[in-house]
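Only this structure's heavy atoms are used, side chains among them; waters, hydrogens and symmetry mates stay out.
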2 protein chains.
Amino acid sequence: MELDSRKKAILYAIIENYQETGEPVGSRTISKLEHFKFSPATIRNEMADLEEMGLIVQPHTSAGRIPTDKGYRLYVDKMLEEQKEEKKDLPALPMANLLSKRIDRVEELLVKMAQILASNTNYTTMVTGPHYRKNKLKFLQLSGMEDGKILAVVVLEGNIVKNNILTVEENLDPQELLNLSFLLNNKLNGLSLEEINLGLISQIKEEAGSHSALVTKILDAVAETFAQEESYPIYTSGAPNIFRYPELTGGDKASELISTLEEKKELGTAIGQLSESGSQQDIQVFIGDEVPVDSMKDCSVVTATYSLGEGVQGKIGIIGPKRMNYQKVVDTLKDTMNQLDQVFAKPEE
Amino acid sequence: MELDSRKKAILYAIIENYQETGEPVGSRTISKLEHFKFSPATIRNEMADLEEMGLIVQPHTSAGRIPTDKGYRLYVDKMLEEQKEEKKDLPALPMANLLSKRIDRVEELLVKMAQILASNTNYTTMVTGPHYRKNKLKFLQLSGMEDGKILAVVVLEGNIVKNNILTVEENLDPQELLNLSFLLNNKLNGLSLEEINLGLISQIKEEAGSHSALVTKILDAVAETFAQEESYPIYTSGAPNIFRYPELTGGDKASELISTLEEKKELGTAIGQLSESGSQQDIQVFIGDEVPVDSMKDCSVVTATYSLGEGVQGKIGIIGPKRMNYQKVVDTLKDTMNQLDQVFAKPEE
DNA sequence: TGTTAGCACTCATAGCGCTTGAGTGCTAAC
DNA sequence: GTTAGCACTCAAGCGCTATGAGTGCTAACA
């Protein structure tokens, strides 16, 4: 069967009407719309065809039609296609203020970003913490603290800073500590986790002489810092927004969704999958069953990859009902990415 | 009217039965219980009295009784009273493993603690980040990083560590940095935010000579560290548990509750109030209208103050329906507090 | 051949009346 | 003081009947 332009127009009209109302759309509703000069009967014929093609369905015999995943997919693909050409002007999000802040408070930035996106779109937002492509040790600082403890500060590329407070039995004078600090920096800087192997470790221990126990502790701290980065955190915001959409709150759905959002683990792995399967284009749309999280099969998810320069990047996902306003979400995300790029593309101030 | 022991027994029986079933409790149910050798009619007479006293109510004429806030209050007060004498043995929570971990990852500890409490009680748990009574600067470390940036590590009492990466125009050699570091530590150590006043600042700037601009930046970083600590974070866990209790999910209640939990601000101030109004005893129970958060007027909240040594303390709150198992919650919290105390009371290993 | 009017049909939803059963309060007897 | 008995109340469930939105199909029309 041919999907001519009239059928398309009807499909899109159904989708857009359903987006607003959440109710199945009947032939009469469509025929009363501006651009449609055909009678309900004609529309009905076309709708029967669209249903045959699997683009729309009736929830029950005497109801109007709602779009299927396939119908949405068609709509979204066409939309993304058109997007490439025209450049839309959206009211700018109040992200600018946010972005003028310090870079070293990445976490706060991400949380705020999630909040703004959630309240602006009325959907739920999740943001993965930054993922650092080149995870290398950049800098290591040891400082003695008065009570016999040592503060070890580990800095990775991308300016991830982690602190570890170590307790030592032996007593170190500042000069020894400085020497040790120098030795470790010398040996380890620029190396990734894999490159710090046993041979290197024993070599360092040897050179450290009597302080080899301390070196072990420090290296543990370094390893932990790397590990922490691998299990990067996930921030969510606007979870209660799902209550705006009755189709997401029937039965135990709301509970399951909220649980999924709270237990961020599953989300994390899912997002990982998204990343891998993702093509070059930065915006991806997952509709219904395409979402790789079971409790979200009634949702759609739009993801984007953000970048904070220095190869630091992560994912943003907007989670909403399948009848979400894809146009608005995609535009909003693009706008956000642009703003981020503008700020972080600047030569670092 | 006199609240004799039989009336009390009936009240408690109603409360405990209602805790389990969530359904109004009738006279027949009570009379069939072990210890009650009276007929339903007698129980009914007593129940009429209890209702007159405002301890129980009927949701509608032909229904059983449910406890009022006042009824719960009586029950809880008696329970707390008895607790003081007998020492209960609960199956220990799997907190021990957790507590054997490092102390310097307080945040992780608190999150895990919230999770364990939530899954163990089936209620929602919130934990305020540690509040440091004596907020004094303990240690300040400046390190030059290769790309012309300076890493400023600020350590407060209680081992709160914050990192700030500063960008400097001027070039500093390591020795100058060391001197500056020494100067700042000398001047600032042991001082609280209020004690770092303008006079002191200008004095430091003078001694720092040409690096006064840098000093300003560093002091800003210090101020920010203090400020961050004042808006201490709040962790929640087990929010979806509210869906277990129908009385909390009718209407928009679930949505409001989840929103409140997500927007932790209101919680924070409320918790603040709790702290202030709190007496010496560490466990407090808030029932229904006593809870100082509007969206939680249908809930009860049990709070405890935890302490991690060094005057570092915060609040834990368990949020559940008014028919929550107070006994279990209070016991669990006490057990947790004890475990924390045991670990942190040890001479710091 | 595409479009439309007309009509019979379906079915979710709402409203109505009925029954059921859990639970009560009251009274009178033990 | 306690209990048996009884009339009463009322939420909840069930079946029945509109109601109305919406459909598919057929036949007529341009």
Asks: Would you say the side-chain atoms of A/Thr260 and A/Ser295 include a donor-acceptor pair closer than 3.5 Å?
Replies: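 Yes, a side-chain donor-acceptor pair sits under 3.5 Å.
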Asks: Output the rounded distance in Å from CD1 (B/Ile43) to P (D/dT2).
Replies: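 One finds 10 Å between P of D/dT2 and CD1 of B/Ile43, rounded.
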Asks: Of all residues at least two apart in sequence or in a different chain, which pass the salt bridge (Lys or Arg N to Asp or Glu O under 4.0 Å) check with A/Arg323?
Replies: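 Applying salt bridge (Lys or Arg N to Asp or Glu O under 4.0 Å) to A/Arg323 gives A/Glu247.
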Asks: Above 12 or not: heavy atoms from other molecules or residues under 6.0 Å from CZ of A/Arg28?
Replies: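 It does not: A/Arg28 CZ has 12 such atoms or fewer within range.
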Asks: Quick one: A/Glu23 CD to D/dA21 P, roughly how many Å, whole number?
Replies: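 Computing the A/Glu23:CD to D/dA21:P distance gives 12 Å.
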Asks: So, taking the atom named CD in B/Glu20 and the one named CD in B/Glu16, what distance separates them when rounded to the nearest 0.5 Å?
Replies: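 Going from the CD atom of B/Glu20 to the CD atom of B/Glu16 covers 8.0 Å.
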Asks: Taking the side chain as everything from C-beta on, heavy atoms only, tell me whether B/Tyr245 gets closer than 4.5 Å to B/Asn122.
Replies: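 The answer is yes; the side chains approach within 4.5 Å.
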Asks: Please enumerate all residues that pass salt bridge (Lys or Arg N to Asp or Glu O under 4.0 Å) together with B/Asp69, with sequence neighbours excluded.
Replies: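 Residues passing salt bridge (Lys or Arg N to Asp or Glu O under 4.0 Å) with B/Asp69: B/Lys322.
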Asks: Specify the separation, in whole Å, of atom CD1 of B/Ile10 and atom P of C/dT24.
Replies: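 These atoms are roughly 11 Å apart.
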Asks: I need the A/Leu11 CG to A/Ile30 CD1 distance, nearest 0.5 Å.
Replies: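 These two atoms lie 9.5 Å from each other.
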Asks: Can you tell me how far P of C/dC26 sits from CG of B/Asp49, to the nearest Å?
Replies: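 Going from B/Asp49 (CG) to C/dC26 (P), I get 11 Å.
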Asks: Take the protein atom CD of A/Gln58 and the nucleotide atom P of D/dA21, then report the distance between them rounded to whole Å.
Replies: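 So the two atoms are 16 Å apart, to the nearest Å.
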Asks: Out of curiosity, B/Asn241 CG to B/Leu248 CG, how far, rounded to the nearest 0.5 Å?
Replies: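 Reported value, rounded in 0.5 Å steps: 10.5 Å.
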Asks: Report yes if the side chains of A/Phe36 and A/Ile10 come closer than 4.5 Å at any heavy-atom pair, otherwise no.
Replies: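 Yes - at least one pair of side-chain heavy atoms lies under 4.5 Å apart.
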Asks: Under a plain distance cut-off of 3.5 Å, with no hydrogens placed, do B/Gln19 and B/Tyr326 share a side-chain donor-acceptor pair?
Replies: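 There is no such pair (donor and acceptor under 3.5 Å, judged by atom type) between the side chains of B/Tyr326 and B/Gln19.
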Asks: Give me the stems containing DNA chain C, sorted by first residue, counting only three or more consecutive Watson-Crick or G-U pairs with both distances under 3.5 Å; say none if there aren't any.
Replies: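 Ordered by first number, the stems with DNA chain C (at least 3 consecutive pairs each) read C:1-30 with D:1-30.
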Asks: Please write out the pairs of protein N or O atoms and N or O atoms of nucleotides 13-18 of chain D separated by less than 3.5 Å, giving the distance to one decimal.
Replies:
none

Asks: Rounded to whole angstrom units, what separation is found between the CG atom of A/Leu50 and the P atom of D/dT23?
Replies: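 Atom-to-atom, A/Leu50 to D/dT23, this comes out as 12 Å.
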Asks: Considering residues at least two apart in sequence or located in another chain, which fulfil the salt bridge (Lys or Arg N to Asp or Glu O under 4.0 Å) criterion with B/Asp4?
Replies: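 With neighbours one apart ignored, the set is B/Lys7.
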Asks: When you check every protein heavy atom under 4.0 Å of nucleotides 1-12 of chain C, what one-letter string (B, S, -) results, 5' to 3'?
Replies: --SBBB---BBS
Asks: Starting at CZ of A/Arg28 and ending at P of D/dT23, how long is that distance when rounded to a whole Å?
Replies: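 Roughly 11 Å, once rounded to whole Å.
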Asks: Starting from P on D/dC25, measure out to CD on A/Glu52 and report it in whole angstrom.
Replies: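 A/Glu52 atom CD is separated from D/dC25 atom P by 10 Å.
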